[in-house]
Trainee: 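Let me begin by handing over the structure; questions about it come next.
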Amino acid sequence: DAKTTQPTSMDCAEGRAANLPCNHSTISGNEYVYWYRQIHSQGPQYIIHGLKNNETNEMASLIITEDRKSSTLILPHATLRDTAVYYCIVRGPYGNKLVFGAGTILRVKS
Amino acid sequence: KAGVTQTPRYLIKTRGQQVTLSCSPISGHRSVSWYQQTPGQGLQFLFEYFSETQRNKGNFPGRFSGRQFSNSRSEMNVSTLELGDSALYLCASSLGLDRGNSPLHFGNGTRLTVT
């Protein structure tokens, strides 16, 4: 599975959009981009995933560049409860093995 | 729909003992995966079961084993516990369909402390 690169940490003001970048330059054509987040002492929470097209759900939007080498997770109106570690994962088409990196610590501040 | 349920939530064991952790997947999910999370190594894949068969295995010693029952519930076992086995053990379930388009949903884990 392709490796991902994320910033170690980011800050965001409450109520503003949080834009979390992820590089996955070695992604293959059949690999999906997944985003999870983890709040202390809880299991990772699924946020969104996509293959080629941009995706949106009730939690977030996922923007994937045309060459698929990078993506951005957008939390449109960040709240204090969005403070968490965010993981960008590239997942292959077979099986359920996810390779987690260190993720991005997002701190939402009032 | 109820989420992934893991029991027990916390566990304290002594070196050399063995432990069994339990996971009930989301209703209708046929795949169960297990992960270990430690401060030093982060989240690491242990193994995956689908329809009672181990489908994939991570790089862990044979002391770590698992199984899946016909109702998709799963257990993992760690024998001859070592201090380094202290970790948060996470279970995740998914529909189990291939092609990577079936999200995994995680439980809140079992916190194992080995003394």
Side-chain angles (χ1 to χ4, degrees), chain A residues 1-6 8-9 24 26-53 55-60 62 64 68 71 73 84-105, chain B residues 3-6 9-10 21 23 25-26 29-51 53-60 66 68 72 74 87-111:
Chain A
D1 294 334
K3 289 187 67 174
T4 62
T5 303
Q6 299 178 251
T8 303
S9 65
H24 31 79
T26 60
I27 192 170
S28 299
N30 59 0
E31 291 179 317
Y32 285 80
V33 178
Y34 273 77
W35 283 85
Y36 283 82
R37 72 181 182 184
Q38 187 174 25
I39 298 169
H40 184 61
S41 296
Q42 296 183 18
Q45 178 188 22
Y46 165 75
I47 301 173
I48 199 167
H49 75 283
L51 183 62
K52 295 179 183 177
N53 300 320
E55 301 287 345
T56 295
N57 63 20
E58 65 280 2
M59 287 182 67
L62 173 61
I64 302 174
R68 302 188 70 239
S71 61
L73 177 74
V85 179
Y86 286 76
Y87 297 100
C88 169
I89 298 165
V90 170
R91 179 186 175 190
Y94 304 109
N96 287 329
K97 176 181 178 181
L98 301 182
V99 179
F100 286 82
T104 295
I105 300 170
Chain B
V4 177
T5 303
Q6 292 188 246
R9 189 77 174 87
Y10 300 94
L21 312 181
C23 173
I26 291 172
H29 284 191
R30 295 170 63 191
S31 169
V32 173
S33 307
W34 288 89
Y35 289 77
Q36 180 196 64
Q37 185 172 28
T38 60
Q41 299 296 319
L43 272 151
Q44 293 186 291
F45 172 78
L46 279 157
F47 30 65
E48 177 202 354
Y49 287 86
F50 178 78
S51 292
T53 301
Q54 189 178 84
R55 189 158 73 169
N56 204 348
K57 189 177 189 306
N59 189 25
F60 279 82
Q68 186 181 32
S72 293
S74 177
L88 180 65
Y89 289 89
L90 292 156
C91 169
S93 76
S94 75
L95 290 171
L97 305 171
D98 281 336
R99 310 189 190 285
N101 198 21
S102 177
L104 275 70
H105 296 275
F106 285 82
N108 282 328
T110 293
R111 172 75 62 184

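Chain letters run A, B, ... following the sequence lines, proteins first and then strands; every chain starts at 1.
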Trainee: Under a 4.5 Å heavy-atom cut-off, does chain A meet the side chain of B:F47, its backbone, both or neither?
Mentor: neither
Trainee: For the residue pair B:R111 and B:Y10, confirm or rule out a side-chain donor-acceptor distance under 3.5 Å.
Mentor: no
Trainee: Which one wins on heavy-atom pair count under 4.5 Å against chain A: B:P103, B:G42, B:S33?
Mentor: B:P103
Trainee: Would you say that B:E48 contacts B:S31 through its side chain, given a criterion of any heavy-atom pair below 4.5 Å between the two side chains?
Mentor: yes
Trainee: Hey, does the side chain of B:Q68 reach the backbone of B:Q54 with a donor-acceptor pair shorter than 3.5 angstrom?
Mentor: no
Trainee: Kindly assign one of parallel, tilted or perpendicular to the pair A:Y34 and A:H49, based on the angle between their ring planes and the thresholds 30° and 60°.
Mentor: parallel
Trainee: Pick one of side chain, backbone, both or neither for A:Q38, based on which atoms fall under 4.5 Å of a heavy atom in chain B.
Mentor: side chain
Trainee: With a 4.5 angstrom heavy-atom cut-off, which part of B:L104 approaches chain A: side chain, backbone, both or neither?
Mentor: both
Trainee: Looking only at side-chain N and O atoms, does A:S71 offer a donor or acceptor that is under 3.5 Å from a partner on A:H24?
Mentor: yes
Trainee: Relative to chain A, which segment of B:Q37 carries a heavy atom at a distance below 4.5 Å: side chain, backbone, both, or neither?
Mentor: side chain
